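In what follows, a single structure is set out as structure tokens and then discussed.
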Amino acid sequence: MSEAEQTETGNEYPHRYNALMAQKLEGKWQDYWEREETFHAPNPGEEGFDPDRPKKFIMDMFPYPSGVGLHVGHPLGYIATDIYSRYQRMQGCNVLHPMGYDAFGLPAEQYAIQTGQHPRITTEANIATMKAQMRRLGLGHDPRRSVATTDVSFYRWTQWIFLQIFNSWYDEELDRARPISELIEELESGRIEPGDTESNPGGGKWQDLNGQERAAIINERRMAYVAEIPVNWCPGLGTVLANEEVTAEGRSERGNMPVYKRPLRQWMMRITSYCERLLDDLADLDWPEPIKLMQRNWIGRSEGAEVDFLGIDPAGGESAADGWIETRGSSGWPGGSPPEELAIRVFTTRPDTLYGATYMVLAPEHPLVDRLTAAEYDDSVPGPWRGQFPGQPAETSTPAEMVAAYKDYADSKTDIERQMEEKEKTGVFIGAWAINPVTEEKVPIFIADYVLMGYGTGAIMAVPAHDTRDFEFATQFEVPIIEVVKAPSGAEIAEGEAFTDHGTAVNSGLIDGLDTPAAKNKITGWLEENGLGSGTINYKLRDWLFSRQRYWGEPFPIIYDSDGAPIGLRDSDLPLELPEMEDYKPEVDEDPDSQPKPPLARAKDWATVSIDGKDYQRELNTMPNWAGSCWYYLRYLDPDNDERYAAEETEGYWMLSGKEEKARPESYDAGTSRIGGVDLYVGGAEHAVLHLLYSRFWHKLLFDLGHVSTPEPFHKLFNQGYVQAAAFTDERGIYVEASEVEEKDGSFFHDGKPVNREFGKMGKSLKNAVTPDEICSDFGADTLRLYEMYMGPLEASKPWNTRDIIGSHRFLQRFWRNLVDEESGELRVSSEPADGELQKKLHKTIAGVRADMDSLGFNTAIAKMIELNNALTGLDSIPAETAGSLVKMIAPFAPHLAEELWEKLGHSGSLAYEPFPEADASLLVEDQVEVAIQVMGKIRARISVPAGLDAEGLEEFARQDPAVVEALEGLTVRKVIAVPDSLVNFVAN
RNA sequence: GCCAGAGUGGCGGAAUUGGCAGACGCGCCAGAUUCAAAAUCUGGUGACCUUACGGUCGUGGGGGUUCAAGUCCCCCCUCUGGCACCA
């Protein structure tokens, strides 16, 4: 018989805490909290706001409102932040603990497509379902602050932020973003020159340019800009994707569809301007080191030098190159781009190996390839140079034919195919040579796909002796290998491998004999003096591709005039709402060469707009789903504000703290400014380089423009682990419903047939999902909350085991029984004071629980409360003071049960704001402690001694113990180690 | 391949700065209660040897430092996550 049935039949324990009672009182208190607005957190200036309390802003990474609802893995973090929030409220803090929904983007849209309903309808239904599930868990969010990124009143501000970004530029000198109006002022006053750029070839003066030219120069410098660059085109999803959304296998992170590199005109965000600050400010953040490291790696800073090699015109003979080095020596290093048509700029982290650069490699897409490719191969060109790649033409082909074939080959390969081949290098000698600027020797130029157009300059100097990839290529293509770095004596050098570590320069002219760092310095200095190179820093991070060809996203607040130049909408034109459409499906295609076709193009009436009598075309792309998640935490602060994304005072209070002076841009210094930000942000590690990097970038930009008070959004980040669960496969390898699997003698059976057990992330695909609703029905939300926290450390991934839940349920039941008579329902609480022993135990528990709470060690906090509770089971009645303290301690974990007991104890109202118990320090000291006595490291006795006894005293006690005397017999004591309150060790022989 | 994290009873997991390994829970065993069962309560439960007292071994494996190592150092194995020709 189940417990629930038992109560229904009304037997001898009508007042026992069981699933049925749990559900009854959980409903009661959830209604109470809602009715009494228990978890409403007032903003500064609002009724009930107390400026004297410290603030805590505690939040989770908000979820996608998916159609299948939550399983027990999802709320792990939500429960943790709820417990922490409740604890902080009881500590007297103003706690902001909201929850929202990341409802735009591919998952929501694809679910809508599957179900054939408009995404808004399915999204709203899904949000309602999730809200109900979270309410049932007793999560104390402030319901007024529940935002969804799809709300027009929300994305109106996403659009506003986009315009802020669009209307700003990065001032390299001041190292911060500034409004675009200030750029115009700078250009007009002549403090900044337009410069020789793509939009202003020849570097014309501002005064001499017409309006259209000026607009082009401005647009080129915006933090949000349109550019034609190679992007990740995913025809299967009908959209382009950010680098961060493409897996190592060259597939879309969502949907696992093939992704191809295609040059397309798209919106970009200049996140690369913030590389250095995104990197530097990590140091001040209280984040897990692995996440910081992932961001550092993703940003990928490397120090080195840019060096120019001069390509020799294969048609023009060698004389054109004469005097090049001398010319550079007098003209100096050209910053922007090399003045010579055929100069090939490379980036290297090892300028000290320049003397060993025996060839060059350009990416197949490098702009100089066609210009440099020779008409014929010289007869002296070795066979292996003429091309090594699958499907190559005959060796007698011309360089142009070879190059064309190789480009086709490289182009056709998806990244996944590249991986397959891995070991073998491919490439083609293009028949041309270049001059090494330090040796002045001719080196051959190859193209090969191991050089990537997207990194550095798309060209390298190859030093086969000291770079693994160059070594492989050189070996395979039979290019000379010259050693220029000698390994330090004692270092092991593997035969047949490149030596890539630091050493001493050899065969290297003016840097001979220098160790690597000194050699780098000296040669870089020499290059700079001679105008041939310059020390630089390179980053892996690319600008952020910001447009998507989807319906279900924020429309860009951008229109185009007849010139095709983008114009930002005025604030008064916001929000720009998504048009209602019959057909919002993306156009997907198997063909990698298909062109993106945004669904909004089909909204003909919406796509064109007339303003002041002039016709404009709207931007038809939408924003990626990261847009809303980049800043949603700010909207929680003041979700109904129509004037600003959040009131200034409110933002300053919750983000920085109400009392501190604000760190505004003019006083900003990365090293000393307060970081501020959300006090606790809990979520999965999978967002390490996506959401968390984008969000930091937007926040810094808003900070530079003076819209937020802190340079960082999230002060403390915590990654909760995954909930794993057993999954079972049958002999065909297909997953079977885990709930139907039976265990017999350590083996597992489904439908009588043996099945294999494995562990994986809980979810639909592994058929092992357990929903919180079923656990709430079987045990109650309080039991579920407790169990999820008791499973193990919050940061660890741990397996779900329904069988273990009963332990947490029994604890609550036993706790209840300690305070309430199960037959009569009468309190078992007495007004007698607790005896000394119990007092001590209670205060030790309080101290331990507090320490654990502060460090999010909820599993051990629970263990300590269980211990105390177990100590109470033998008592006839529980002293009221002890009972009250325990109820308050358990309240963050099992809030419904605690509220009910609090009420039974004679209090009115909620205990949500009751002070958390404090330990009396005087009760924490023991007067007797047990000390272990070891002889030669083995424990021979345990004795009880007065606490704090010094080493001599301890030794004295220890020597009197009969077991010790026996163990020491016949031995000479050489040394005695005595650690007060811990142990004594006799070293003897 | 590179980087990071982890490996402790049958299971989930405890163990400030090196200082009594296995807290707490599940499971299991025994007892109480019960006509009986469930529930509940009490006790036991790392392995091996021993009738017992007691002893030996034991934190993935191997070596080392130390009076003392789950914890520090070196090598290796396995698992998880991230990156992946980044010049």
Side-chain angles (χ1 to χ4, degrees), chain A residues 1-3 6 11-13 16 18 248-249 288-294 296-298 300-302 304 346-350 353 361 415 418-419 421-423 425 448-452 454-463 466-470 472-473 538-541 685-686 688-689 719 721-722 724 746 759 786-787 790-793 795-801 803-808 810-811 813-814 817 822 851 857 859-867 870 873-874 930-939 941-942 974-979 981-988:
Chain A
M1 207 199 305
S2 82
E3 292 172 48
Q6 190 184 45
N11 63 30
E12 63 267 51
Y13 302 119
R16 171 167 289 180
N18 55 24
E249 287 80 35
E289 274 314 312
I291 299 293
K292 289 189 182 182
L293 193 68
M294 279 161 72
R296 283 191 193 105
N297 290 342
W298 193 262
R301 181 184 198 273
S302 54
V346 301
F347 173 74
T348 177
T349 55
R350 292 294 298 271
T353 61
V361 186
D415 287 348
R418 284 190 179 197
Q419 279 201 299
E421 289 148 22
E422 227 171 320
K423 279 284 155 214
K425 288 275 182 291
D449 64 3
Y450 83 89
V451 173
L452 310 172
Y455 184 77
T457 59
I460 61 157
M461 63 175 215
V463 185
H466 306 290
D467 180 278
T468 314
R469 295 147 302 175
D470 296 344
E472 283 167 13
F473 186 92
N538 212 332
Y539 299 92
K540 236 166 82 179
L541 185 69
E686 68 272 21
V689 291
N719 294 122
Y722 297 112
Q724 299 172 312
F759 282 90
L786 204 67
Y787 172 66
Y790 191 58
M791 283 165 72
E795 67 272 22
S797 287
K798 52 239 154 186
W800 176 266
N801 197 347
R803 194 181 67 178
D804 290 350
I805 300 172
I806 188 69
S808 300
R810 283 209 276 252
F811 163 51
Q813 196 173 57
R814 211 172 293 159
R817 183 163 49 234
E822 293 186 323
N859 54 331
T860 46
I862 294 168
K864 290 178 175 102
M865 289 189 284
I866 293 176
E867 270 184 276
N870 288 347
T873 49
E930 198 186 52
V931 168
I933 313 298
Q934 301 176 331
V935 175
M936 292 304 291
K938 288 199 196 303
I939 291 169
R942 291 174 220 274
R974 302 284 170 201
K975 196 174 171 189
V976 181
I977 286 106
V979 183
D981 295 347
S982 179
L983 55 62
V984 180
N985 189 7
F986 290 95
V987 185

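Letters A, B, ... are given to chains in the order of the sequence lines, protein chains preceding strands, and every chain is numbered from 1. Quick caveat: nothing in here was measured; it's all calculated off a predicted structure.
In terms of polar N and O atoms assigned as donor or acceptor, the side chain of A:K425 comes within less than 3.5 Å of the base of B:C85 in a complementary pairing. Judged by atom type and distance alone, A:N985 reaches the base of B:C67 through a side-chain donor-acceptor pair under 3.5 Å.
The nucleotide B:A32 finds its pairing partner in B:U40, both defining distances of the Watson-Crick or G-U wobble pair being shorter than 3.5 Å. With a cut-off of 3.5 Å on both Watson-Crick or G-U wobble distances, the partner of B:G19 is given as B:C67. With both pairing distances under 3.5 Å, B:U59 is matched to nothing as a Watson-Crick or G-U wobble pair. Across all strands shown, the partner of B:G7 is B:C77, judged by Watson-Crick or G-U wobble contacts whose two distances both fall under 3.5 Å. The pairing partner recorded for B:C24 is B:G12, the criterion being a Watson-Crick or G-U wobble arrangement whose two distances lie under 3.5 angstrom. B:C83: Watson-Crick or G-U partner is B:G1, with both key distances under 3.5 Å.
Taking atom CZ of A:R974 as the reference point, atom P of B:C67 lies 14 Å away to the nearest angstrom. At whole-Å resolution of the value, OH in A:Y787 and P in B:C11 are 15 Å apart. Atom OH in A:Y722 sits about 20 Å away from atom P in B:G12, given to the nearest Å. Rounded to whole angstrom, the span from the OH atom of A:Y790 across to the P atom of B:A14 amounts to 10 Å. Atom CD in A:E867 sits roughly 12 Å away from atom P in B:A15 (whole-Å rounding). Distance A:F347 CZ to B:A87 C1': 8 Å, rounded to the nearest Å. Following rounding to the nearest Å, A:N801 (CG) and B:G27 (P) show an atom-to-atom distance of 10 Å. Whole-Å rounding puts the A:R301 CZ to B:A87 P distance at 13 Å.
Using a 4.0 Å heavy-atom criterion, one finds that A:T457 contacts no nucleic acid atom at all. Base engagement by A:E930 is indicated by at least one non-hydrogen atom pair under 4.0 Å involving a base atom. Contact annotation for A:N859: backbone-only contact, meaning every heavy-atom pair under 4.0 Å involves sugar-phosphate atoms and none involves a base. A:N538 comes within 4.0 angstrom of nothing in the nucleic acid, heavy atoms only. Across all strands shown, A:I977 has heavy atoms under 4.0 Å from base atoms, whether or not it also approaches the sugar-phosphate. Residue contacts shown for A:K798 are limited to sugar-phosphate atoms, with no base heavy atom under 4.0 Å away.
Of the side-chain N and O atoms in A:K938, one or more sit less than 4.0 angstrom from OP1 or OP2 of B:C57. Taking 4.0 angstrom as the limit, A:R810 places a side-chain polar atom (N or O) nearer than this to OP1 or OP2 of B:C26. A sub-4.0 Å separation between OP1 or OP2 of B:A4 and a side-chain N or O of A:N297 is absent. Applying the 4.0 Å criterion to OP1 and OP2 of B:C67, one finds that A:K975 has a side-chain N or O inside that range. Look at A:R814 and you'll find a side-chain N or O under 4.0 angstrom from OP1 or OP2 of B:C41. Of the side-chain N and O atoms in A:T873, one or more sit less than 4.0 angstrom from OP1 or OP2 of B:U42. Within the structure, a side-chain polar atom (N or O) of A:Q813 is placed less than 4.0 Å from OP1 or OP2 of B:U40. At the phosphate of B:A39, neither OP1 nor OP2 sits under 4.0 Å from any side-chain N or O atom of A:N18. For the OP1/OP2 pair of B:C41 and a distance below 4.0 Å, the side-chain nitrogens and oxygens of A:R817 include at least one atom meeting the criterion.
Side-chain atoms of A:T860 lie closest to B:A14 of the nucleotides B:G13, B:A14, B:C67. Of the candidate nucleotides B:A21, B:C83, B:G25, B:C83 has the atom lying nearest to any side-chain atom of A:K540. Proximity note for A:L293 (side chain, C-beta onward) versus B:C85, B:A4, B:G27: the nearest is B:A4.
Between A:W298 and A:Y539, the ring centre distance reaches or exceeds 6.0 Å.
Using atom P as the reference point in both B:C35 and B:G22, the two lie 41 Å apart (nearest Å). Here, B:G7 and B:U59 have their P atoms 13 Å apart, quoted to the whole Å. Comparing the C1' positions of B:G9 and B:C26 gives an interatomic distance of 13 Å, to the nearest angstrom. Across B:G18 and B:A68, the matching P atoms stand 15 Å from one another, rounded to whole Å. Going from the C1' atom of B:U33 to that of B:G27 covers 23 Å, rounded to whole Å. Rounded to whole Å, the separation between the C1' atoms of B:U8 and B:A21 comes to 8 Å. Taking atom P in both B:G60 and B:U78, the straight-line distance is 16 Å, to the nearest Å. Using C1' as the reference atom, B:U65 and B:A84 are 38 Å apart when rounded to the nearest Å.
A:R814 and A:N870 are linked by a side-chain donor-acceptor pair at a separation below 3.5 angstrom, with hydrogens and angles left out of the test.
Residues A:F986 and A:I977 have side chains not in contact (no heavy-atom distance under 4.5 Å, counting atoms from C-beta outward). With a 4.5 Å cut-off on side-chain heavy atoms, A:Y722 and A:K798 do not count as touching. Residues A:P793 and A:N859 meet the side-chain proximity criterion, which asks for heavy atoms closer than 4.5 Å.
With a glycosidic angle more than 90° from 0, B:G5 adopts the anti conformation.
Across the interface with RNA chain B, nearest-nucleotide mapping of A:A796 and A:I866 shows A:A796 to be the residue nearer the 5′ end. In terms of position on RNA chain B, the residue among A:S808 and A:P793 whose nearest nucleotide sits closer to the 5' end is A:P793.
Looking at every heavy atom in both residues, A:G458 comes nearest to A:V451 through O-CG1, 3.6 Å.
Geometric assessment of A:K425 against the ring of A:Y450 yields a positive cation-pi assignment under the 6.0 Å and 45° thresholds.
Residues meeting the salt bridge (Lys or Arg N to Asp or Glu O under 4.0 Å) test with A:D470, sequence neighbours left out: none.
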